Peer 1: 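Mind having a look at this structure? Questions to follow.
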Amino acid sequence: MTNSPSFSTSRNSIAGIAVTDLAERFGTPVYVYDQQVIDRRIAELKDFDVVRYAQKACGNLAILDRMRKKGVVVDAVSAGEIHRAMAAGYSTDPGKHEIVYTADIFDREALDLVVKHSLPVNCGSPDMISQLGERRPGADVTLRINPGFGHGHSQKTNTGGQQSKHGIWHTQIDECLRRADQTGVTVTGLHMHIGSGTDLEHLSEVCDAMERTAKEVGRTVKTISAGGGLPVPYKADEEYVDLGRYYQLWDATRTRLSEEFGHPVALEIEPGRFLSAESGFLIAEVRSVKQVGENHFVLVDAGFNDLARPVMYGAYHPISVAARSGDASEREQVDVVVGGPLCESGDIFTQREGGYVDSRSLPMTRVGDLIVLENAGAYGFVMASNYNSKTRAAEVLIEGGEAKLIRNRETFDDLVRGEVIPD
Ligand code: LLP
């Protein structure tokens, strides 16, 4: 039995609403999220004691609000993400641990905010322990450990090993505990996140590293976090991770530690991509179709200012065509290169790592048709920019069969807000 998704190169609707209607009503480019997909993914993680959403993957307030209502808490990697979580209704009550600041540095803003609200902190560098201890002596902290190995879908998303700036190096535990003692800080939790878009094999190795480290820290440890990194399939030949197996490995680790310490040890998971990637679609309109030598280019009104993953990592996103009229599945399939409007050659959605242009077999398109970049709900809108003075897209959430605007398309006034022409 295979556990792979199926992707089609033509698509008429998203969550029951016609793609053409969505484009008509909200304009293009537009990000559309299907809430049902997020809800399903949350339900699949129900065995973990705490599901902490890495909001960096898709942080729209409406998405965070729905996460919160389903009992999912959040991590925050900046002062901005703390504010965002609070704006979405997350509590700063120190007893609740709804928002945890996880980073490798405190910038001054973040440290002030963490101290002001007594927020729990996950320290990714030894300096953070002292900086927090000076401002909040006696604090409880979690340490983010770099176990000495890592793995991601790209070298840029590998967060373990010597080349990574993330986490406290695994041989420096003793030094960190001494540092903590100086200001009465207690290490009550451990966290390991080895990379984004990794696989079960690498993720499983983390359990052993966690067990070793927790024993070294000792019985003050009450929480362990498996971090994020759960991959999702972006291609039909990729499989979903066996979550049951993943949970079992971690649960066994947690149980051994509980027995060792003589008290319960809570098990957290911190996914971003897994919860939001498959819920998101970026709809763009075809504006030009042209032949360049051997290549058939389809140029759309979304670019890497809207979805940066292909240009940044050579990431593959499934692409489908929604015909303006009729059914794209009845059209001839042709090999095309899909690109955007930006004044830069790298503005190509069908590229491999290193910038090599690939083609994709898609139904023949005409100007006015729509293309849908799929699995775009994680690290999609959040990595959008205003490059080429492009306004950022609108975001729409579909729930209960209804499409609701959750972010206005930016305006030209938004583009120059804050800019000053001095006398
Ligand atoms: N926890 C920590 C401490 C992280 O640094 C990250 C991701 C996560 C959790 C969530 O990882 P996930 O479950 O989403 O794999 N922009 C890249 C991904 C960067 C991930 C950064 N940290 C991409 O588009 O693939």
Side-chain angles (χ1 to χ4, degrees), residues 31 38 41-42 44-45 48 50-59 63 67 72-78 81 85 99-105 120-125 128 142-147 150-161 164-168 189-200 202-203 206 210 224-234 238 240-241 243 246 268-280 282 304 306-317 349 351 353 373-385:
Y31 271 96
I38 299 178
R41 296 295 169 254
I42 295 173
E44 284 172 11
L45 298 177
F48 289 84
V50 176
V51 178
R52 188 171 297 287
Y53 177 49
Q55 62 170 297
K56 64 174 84 71
C58 184
I63 304 275
M67 294 273 181
V72 173
V73 292
V74 284
D75 92 334
V77 298
S78 65
E81 284 196 352
I99 308 172
V100 168
Y101 178 75
T102 289
D104 297 287
I105 64 156
V121 173
N122 183 19
C123 302
S125 301
M128 289 177 73
T142 297
L143 301 186
R144 174 180 180 174
I145 307 298
N146 176 339
H151 183 253
H153 68 80
S154 152
Q155 191 45 36
K156 293 173 191 154
T157 67
N158 176 342
T159 55
S164 171
K165 65 173 180 158
H166 293 292
I168 290 169
L190 288 172
H191 169 280
M192 287 185 188
H193 171 80
I194 59 160
S196 189
T198 177
D199 53 39
L200 192 53
H202 288 89
L203 285 170
V206 181
M210 176 65 85
I224 54 172
S225 170
L230 282 178
V232 303
Y234 286 85
E238 294 172 354
Y240 285 100
V241 159
L243 283 177
Y246 185 57
E268 288 203 5
I269 189 167
E270 197 175 72
R273 187 187 314 274
F274 181 79
L275 292 179
S276 65
E278 294 161 294
S279 75
L282 173 60
F304 74 63
D306 296 296
L307 177 64
R309 302 192 70 253
V311 73
M312 275 204 60
Y313 317 110
Y316 181 101
H317 282 267
F349 289 118
Q351 64 177 294
E353 193 148 19
L373 290 140
E374 308 199 356
N375 281 14
Y379 309 108
F381 182 88
V382 288
M383 289 172 69
S385 76

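Order of listing sets the numbers, starting from 1, for every ligand and every atom in it. We count residues from 1, following the sequence as given. Here the structure is a predicted model, which is why all the values come from computation and not from measurement.
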Peer 1: Considering only heavy atoms from C-beta outward, does the side chain of Thr159 approach that of Arg144 to under 4.5 Å?
Peer 2: yes
Peer 1: Short list, please: which atoms of ligand 1 are under 4.0 Å from a heavy atom of His153?
Peer 2: 23 (C), 25 (O)
Peer 1: Have a look at ligand 1 and work out which part of His193, if any, has a heavy atom under 4.0 Å from it: side chain, backbone, both or neither.
Peer 2: side chain
Peer 1: Is there a polar contact, in the sense of an N or O pair closer than 3.5 Å, between Arg273 and ligand 1?
Peer 2: yes
Peer 1: Looking at atom 15 (O) of ligand 1, what's its closest protein heavy atom, distance included?
Peer 2: Ser196 OG, 2.5 Å
Peer 1: Look at ligand 1 and say whether Met383 reaches it with a heavy atom at a distance under 4.0 Å.
Peer 2: yes
Peer 1: Atom 4 (C) of ligand 1: which protein heavy atom is closest, and how many Å away?
Peer 2: Lys56 NZ, 3.1 Å
Peer 1: Please confirm whether Phe274 approaches ligand 1 to less than 4.0 Å, judged on its heavy atoms.
Peer 2: no
Peer 1: If the cut-off is 4.0 Å to any non-hydrogen atom of Ala54, which atoms of ligand 1 fall inside it?
Peer 2: 8 (C), 9 (C), 10 (C)
Peer 1: Measure the distance from atom 24 (O) of ligand 1 to every protein heavy atom, then report the residue, atom name and distance (to 0.1 Å) of the closest one.
Peer 2: Arg309 NE, 2.6 Å
Peer 1: So which heavy atom in the protein is nearest atom 16 (N) of ligand 1, and how far is it from that ligand atom?
Peer 2: Tyr313 OH, 2.7 Å
Peer 1: Can you tell me which residue among Val51, Val232, Val72 is in a side-chain contact (heavy atoms from CB on, under 4.5 Å) with Pro271?
Peer 2: Val51
Peer 1: Taking only heavy atoms of Arg144, which atoms of ligand 1 are found under 4.0 Å from at least one of them?
Peer 2: 3 (C)
Peer 1: Output yes when a side-chain donor or acceptor of Ser164 lies under 3.5 Å from a complementary backbone atom of Gly161, and no otherwise.
Peer 2: no
Peer 1: Looking only at side chains, do Asp104 and His166 share a donor and an acceptor under 3.5 Å apart?
Peer 2: yes
Peer 1: Hey, does Asp306 have a side-chain heavy atom less than 4.5 Å from the side chain of Leu373?
Peer 2: no
Peer 1: Are any of the heavy atoms in Gly229 under 4.0 Å away from ligand 1?
Peer 2: yes
Peer 1: Which atoms from ligand 1 have a heavy atom of Gly272 less than 4.0 Å away?
Peer 2: 10 (C), 12 (P), 13 (O), 14 (O)
Peer 1: Measure the CG-CE distance between Leu190 and Met210 for me, rounded to the nearest 0.5 Å.
Peer 2: 5.5 Å
Peer 1: Would you kindly say whether His191 and Arg52 are connected by a side-chain donor-acceptor distance under 3.5 Å?
Peer 2: no
Peer 1: Can you tell me how far the CD1 atom of Ile194 sits from the OG1 atom of Thr157, to the nearest 0.5 Å?
Peer 2: 10.5 Å
Peer 1: Can any side-chain N or O of Gln55 pair as donor or acceptor with the backbone N or O of Asp75 at less than 3.5 Å?
Peer 2: yes
Peer 1: Can you tell me how far CD of Glu268 sits from CG of Asn122, rounded to the nearest 0.5 angstrom?
Peer 2: 9.0 Å
Peer 1: Go through ligand 1 atom by atom and flag the ones less than 4.0 Å from a non-hydrogen atom of Pro271.
Peer 2: 13 (O)
Peer 1: Is Gly197 close enough to touch ligand 1? Criterion: a residue heavy atom under 4.0 Å from a ligand atom.
Peer 2: yes
Peer 1: In the protein, what heavy atom is nearest to atom 1 (N) of ligand 1, and what distance, to one decimal place, separates them?
Peer 2: Glu270 OE1, 2.6 Å
